[in-house]
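Worksheet: the structure to be examined is printed underneath.
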Amino acid sequence: MGAQRIAIFDTTLRDGEQSPGCSMNLEEKLQMARQLEALQVDVIEAGFPVASEDDFASVQAIARECRGPVIAALCRAIPRDIERAWEALKEAEHPRIHTFLATSDIHLQYKLQKTRAEALQMIREGVALARSFTPDVEFSAEDATRSDWDFLVEVCKVALDAGATVLNIPDTVGYTVPDEYGRLITHLRTHVPGIDQATISVHCHNDLGLAAANSLAAVLAGARQVECTINGIGERAGNAALEEVVMALSVRRDALPYETGVRKELLYRTSQTLANITGSEVQANKAIVGRNAFAHESGIHQHGMLSHQSTYEIMTPESVGVRRSSLVLGKHSGRHALAKRFEELGYPLDRAGLDKAYKLFTKLSDQKKEIFDEDLLAIVQDGLTHIPEVFKLRALQATAGTAMFATALVTLATEAGDATETAMGDGPVNAVFAAVDKLTGLSGRLLDYRLHSVSRGADAVGEVFVQVDFEGQPHGGKGASTDVVEASLRAYLNAVNKALFARRSRKPQAVEAGV
Ligand code: KIV
Ligand code: ZN
């Protein structure tokens, strides 16, 4: 008999996207959804359509485009939310309405001001309404792990009776521990008649660093769907990391006799795609996908590794898509080699894409001797976005020093031709941003600025992420260059162009949010 299948429900675009610094625009969400589809997750939770017009549009776009996986949309157990979720989802090949209501006394009393009886009524009506739209309905008992177990049994009975096909038991505040969570799942399985006709799902937050362990304990107790996010992003300390859950199930098949449909060799690329889109760098010692996850530093370890890889590695880097040596191309590499390497990295480029990438690559290889995979990924993420470049960098000159004001001279290509401005600032980056503001007529307020090196060496490409408030709306931008002032300018311009794109395609009014 084969191993039992665990469904992987990815909520990077919903719960993950709710975390600070991880917001994505429609184009970026689509790019991430395509990557999740390639990764072969079972379910993509695409967003929370009632939260905003942008969220609605993203769910709709993903539902239209991603045909393989189930596409889920979140909604509270109230009619307006559920109708809105269905409106966004209805063109999906496999739509799922995911409706939720809090069930702990703490949430019922302080957040919802509802009695348990009122909650049961809302669940009954909400699930039934969702079922009137689609046969695939998930119900989540928010804060389940702090709910009264007997009440949770009632909740599950009502949701099941009203037609829920998936019952999710979230550890919303990351409070439970593996043994207790496993016992809770067992309690529900033994006290809710017919529960095994539904899929039991788990959704763990990482406040105590136990999200993956709790998810696996629940699987051992009978859960068959795990909700998780790439790189573990999510509210507060995040959600269970998809790559950790998937690789634990794969590496410890002896202790956990289950399988997933995830293409493990795409885990690293998916992690990088998310990090590049959001600018949230993966911590170096992050399990599976961190920069150091397969690095061996001490002499004893290196000696062991040279004798046999199994001494210090429980899985190979290749098994999750990390190349042992990522040194790839240099100045004399041609278009063909570049196209091939991009394809290996999972970015098959069309002619126009390759032309653009090659231009960026040759410019980079003039500045830098060795070009690593990380550099190429930065090129592809930075240079090939679909945001129209209303303003484009033509030239930059910046000066700075300890005994002078920093100054910048910036020339941009604009719709009316090239234009140049100068400005002073606290430092060269500040001066450059001020010059750009003069040129664009937009006044940006910098909310966040992050700089990191994408590869190794003194000539490494620096990647800058900014978040800038234009006209009361935050816009993320990223830029890469071996010169950090230029990378900063490119990031800022990227945010300017996004702001203009959003302004030109703005739709009416966002509606109220709130999970
Ligand atoms: O953490 C949580 O409880 C959630 C639910 C809405 C599923 O994200
Ligand atoms: Zn959550």
Side-chain angles (χ1 to χ4, degrees), residues 7-20 22-23 42-51 55 59 70-78 81-82 84-85 96-108 110-112 119 122-123 126-127 130 136-147 151-152 155-156 159 164-176 181 184-185 188 198-212 214-215 218 223 225-242 244-245 512-515:
I8 296 296
F9 176 117
D10 180 277
T11 183
T12 306
L13 296 172
R14 199 278 299 170
D15 218 338
E17 208 251 351
Q18 283 174 210
S19 58
C22 290
S23 55
D42 298 279
V43 185
I44 296 176
E45 184 160 57
F48 184 23
V50 85
D55 240 28
V59 175
V70 170
I71 306 299
L74 186 71
C75 48
R76 291 167 296 188
I78 51 182
D81 278 38
I82 297 166
R84 197 79 184 129
R96 173 181 298 176
I97 296 180
H98 177 192
T99 187
F100 75 98
L101 191 78
T103 54
S104 66
D105 288 336
I106 300 175
H107 278 230
L108 286 175
Y110 297 114
K111 188 178 87 172
L112 300 176
M122 285 178 76
I123 294 166
V127 171
D136 190 349
V137 174
E138 172 165 341
F139 174 72
S140 283
E142 192 191 8
D143 205 17
T145 51
R146 293 192 301 167
S147 302
F151 180 56
L152 210 49
V155 164
C156 290
T165 44
V166 181
L167 287 176
N168 187 31
I169 314 298
D171 184 27
T172 304
V173 290
Y175 178 70
T176 198
Y181 200 37
L184 173 57
I185 301 298
L188 296 174
T199 301
I200 300 178
S201 172
V202 288
H203 174 116
C204 296
H205 281 263
N206 206 27
D207 299 65
L208 293 173
L210 292 172
N214 287 336
S215 303
Q225 174 178 282
V226 176
E227 305 196 356
C228 40
T229 60
I230 300 296
N231 298 342
I233 65 167
E235 284 280 1
R236 305 179 310 279
N239 289 56
L242 182 148
E244 293 173 16
V245 171
E512 141 226 13
V515 188

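Fair warning: this is a prediction, and the values are worked out from it, not measured in the lab. Whatever order the structure lists ligands and atoms in, that order sets their numbers, starting from 1.
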Contact check, Arg14 vs ligand 1, heavy-atom distance below 4.0 Å: yes

Between Asn168 and Ser140, a side-chain donor and acceptor under 3.5 Å: yes

Where ligand 1 meets Pro170 - atom numbers and elements under 4.0 angstrom, heavy-atom basis: 3 (O)

Rounded distance (nearest 0.5 Å) linking atom CG of Leu13 with atom CG of Asp15: 11.0 Å

Sub-4.0 Å atoms of ligand 1 with respect to non-hydrogen atoms of Ser140: 7 (C)

Best match, Phe139, Phe100, Phe9: closest heavy atom to atom 6 (C) of ligand 1: Phe100

Validation row: Asn214, Val202 side chains within 4.5 angstrom (heavy atoms): no

Test item: side-chain donor near acceptor, Thr229 and Asn239, under 3.5 Å: no

Check: Asn168 N/O within less than 3.5 Å of ligand 1 N/O: no

Ligand 1-proximal atoms of His205, by part, heavy-atom distance under 4.0 Å: side chain

Under 4.0 Å to a heavy atom of Glu142 - the qualifying atoms of ligand 1, by number: 3 (O)

Distance-only side-chain donor-acceptor flag, Thr103 / Ser147, under 3.5 Å: yes

Distance in Å, Asn206 CG paired with Cys228 SG, rounded so as to fall on 0.5 Å steps: 12.0 Å

Set of salt bridge (Lys or Arg N to Asp or Glu O under 4.0 Å) partners for Asp81, sequence neighbours left out: Arg76

Criterion side chain to side chain contact (heavy atoms under 4.5 Å, CB included) against Asp143, the qualifying member of Val173, Asp171, Asp105: Val173

Asp15 contact mode with ligand 1 (heavy-atom cut-off under 4.0 Å): side chain

Glu45: partners by salt bridge (Lys or Arg N to Asp or Glu O under 4.0 Å), with sequence neighbours left out: Arg14

2.8 Å shell around the Zn ion (ligand 2), exclusive bound, protein N/O/S atoms: 3

Ring pair (Phe, Tyr, Trp, His ring centres under 6.0 Å) partners of Tyr181, counting only residues at least two apart: none

Ligand 1 N/O within reach of His203 N/O, cut-off under 3.5 Å: yes

